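Data block below; observations after.
Remember, predicted model here, so these are calculated numbers, not experimental data. Both ligands and their constituent atoms are indexed starting at 1 by order of listing.
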Amino acid sequence: MIWKNNISDNFIWGQDISNREQKEIVAQKIAKLVHDNQTIGIGSGSTVFLALKHIAQKVKEKELTIKVIPTSYEIELACISLGLTITTLQQERPDWYFDGADEVDPHNNLIKGRGGAMFREKLLLKSSNKNYIVVDKTKMVAHLGEKFKVPIEVIPEAINYVHHSLSKMDIITIDLRMATKKDGPVITENGNFILDVKFKKIKSTYEENIKNIVGVVASGLFQNYNISIIRP
Ligand code: 5RP
């Protein structure tokens, strides 16, 4: 039986998509990598959403059978609305994974997590042998932290301890991310808070250093990962 009014059927992307032309180009490049019988890990963000639309079109036209593992509710709703078959990491390992990014440095290190989904994004990326990061040209930076702060997902109970521990690093600001259509802080899909941190300089050990603080679930720093960058 199916729901008469499935809320996902009317899913639309909530915000304007910046640099849409460039994002459409990389979205099409990702769709070309899709083949029959693959299970694909799906990141989050507007570039990923555009890629999903191209993937769904290809699946329909070529009558492919694929399964997807989404990293956020936003992308899960998009997958449902586009008629893609969803599976989970408990059931399957992705053949490959793709995602967007907020910043990419010349060594392919990343800042991600504007959408707050960095824990599942990192989990999927680690779980997959082949990873593609799709970015428009505005995402390329000489040094991480030029444009974006580093988001850090923290268990609410540990927020002061994590804040105290981060303060010992080379910090400029630490902000608790606040919600816009809800009172109080943003609550992640794992029920946690997000601290957005501006560092003076992001060192190569920072992802590990931050992860070692008790109470940190994941940060948006992705340093030394096995990824291929796809640009326009
Ligand atoms: C979400 C992310 C996104 O991949 C990143 O913010 C890029 O988003 P967009 O494609 O909308 O520019 O990390 O957590």
Side-chain angles (χ1 to χ4, degrees), residues 11-31 40-55 68-79 82 94 96-105 108-128 131-141 144-154 175 177 179-180 185-198 202 207 210 216-223 225 227-232:
F11 177 83
I12 49 158
W13 194 253
Q15 308 136 36
D16 286 344
I17 297 182
S18 59
N19 302 311
R20 184 159 186 154
E21 264 177 47
Q22 288 190 28
K23 286 181 179 175
E24 289 282 3
I25 295 170
V26 289
Q28 285 167 16
K29 287 187 181 180
I30 275 292
I40 305 168
I42 315 288
S44 296
S46 61
T47 320
V48 168
F49 173 66
L50 294 177
L52 270 183
K53 291 188 14 165
H54 289 285
I55 290 172
V68 294
I69 308 179
T71 50
S72 60
Y73 286 136
E74 159 212 62
I75 283 303
E76 186 176 303
L77 289 170
C79 290
L82 291 165
W96 56 279
Y97 173 71
F98 76 97
D99 201 349
D102 300 311
E103 290 188 358
V104 183
D105 81 3
N108 291 351
N109 298 309
L110 314 173
I111 291 182
K112 290 186 43 54
R114 177 194 51 76
M118 56 274 184
F119 167 71
R120 287 204 85 201
E121 291 169 351
K122 204 169 271 194
L123 177 64
L124 260 291
L125 199 148
K126 283 274 194 187
S127 302
S128 163
N131 298 296
Y132 300 96
I133 300 296
V134 279
V135 284
D136 62 80
K137 286 180 189 154
T138 64
K139 308 291 180 69
M140 309 309 294
V141 295
L144 289 185
E146 269 176 27
K147 299 178 183 173
F148 276 81
K149 295 174 182 172
V150 177
I152 302 176
E153 179 170 353
V154 179
D175 301 310
R177 192 182 292 188
T180 50
V186 164
I187 306 293
T188 69
E189 287 159 20
N190 310 307
N192 298 317
F193 292 167
I194 293 178
L195 291 175
D196 286 305
V197 182
K198 186 160 182 56
I202 295 175
E207 181 182 3
I210 294 166
V216 168
V217 175
S219 80
L221 272 180
F222 288 61
Q223 295 177 304
Y225 282 73
I227 53 175
S228 305
I229 305 290
I230 298 193
R231 315 170 204 205

Exceeds 12 heavy-atom contacts within 6.0 angstrom, atom CZ of Arg231
no
With sequence neighbours left out, the residues meeting side-chain hydrogen bond (donor to acceptor under 3.5 Å, both in side chains) with Glu207 are Lys122, Tyr225
Pocket residues around ligand 1 (non-hydrogen, under 4.0 Å) come out as Lys23, Ser44, Gly45, Ser46, Thr47, Asp99, Gly100, Ala101, Asp102, Lys112, Gly113, Arg114, Gly115, Gly116, Ala117, Glu121, Lys139
Exactly one candidate in Leu110, Ile133, Ile111 meets side-chain contact (heavy atoms from CB on, under 4.5 Å) with Phe222; the answer is Leu110
For Ser219, the side-chain hydrogen bond (donor to acceptor under 3.5 Å, both in side chains) test, sequence neighbours excluded, returns none
Residue set satisfying side-chain hydrogen bond (donor to acceptor under 3.5 Å, both in side chains) with Tyr73, at least two apart, ordered chain then number -> none
Would you call the rings of Phe49 and Trp13 parallel, tilted or perpendicular, where under 30° means parallel and over 60° means perpendicular? parallel
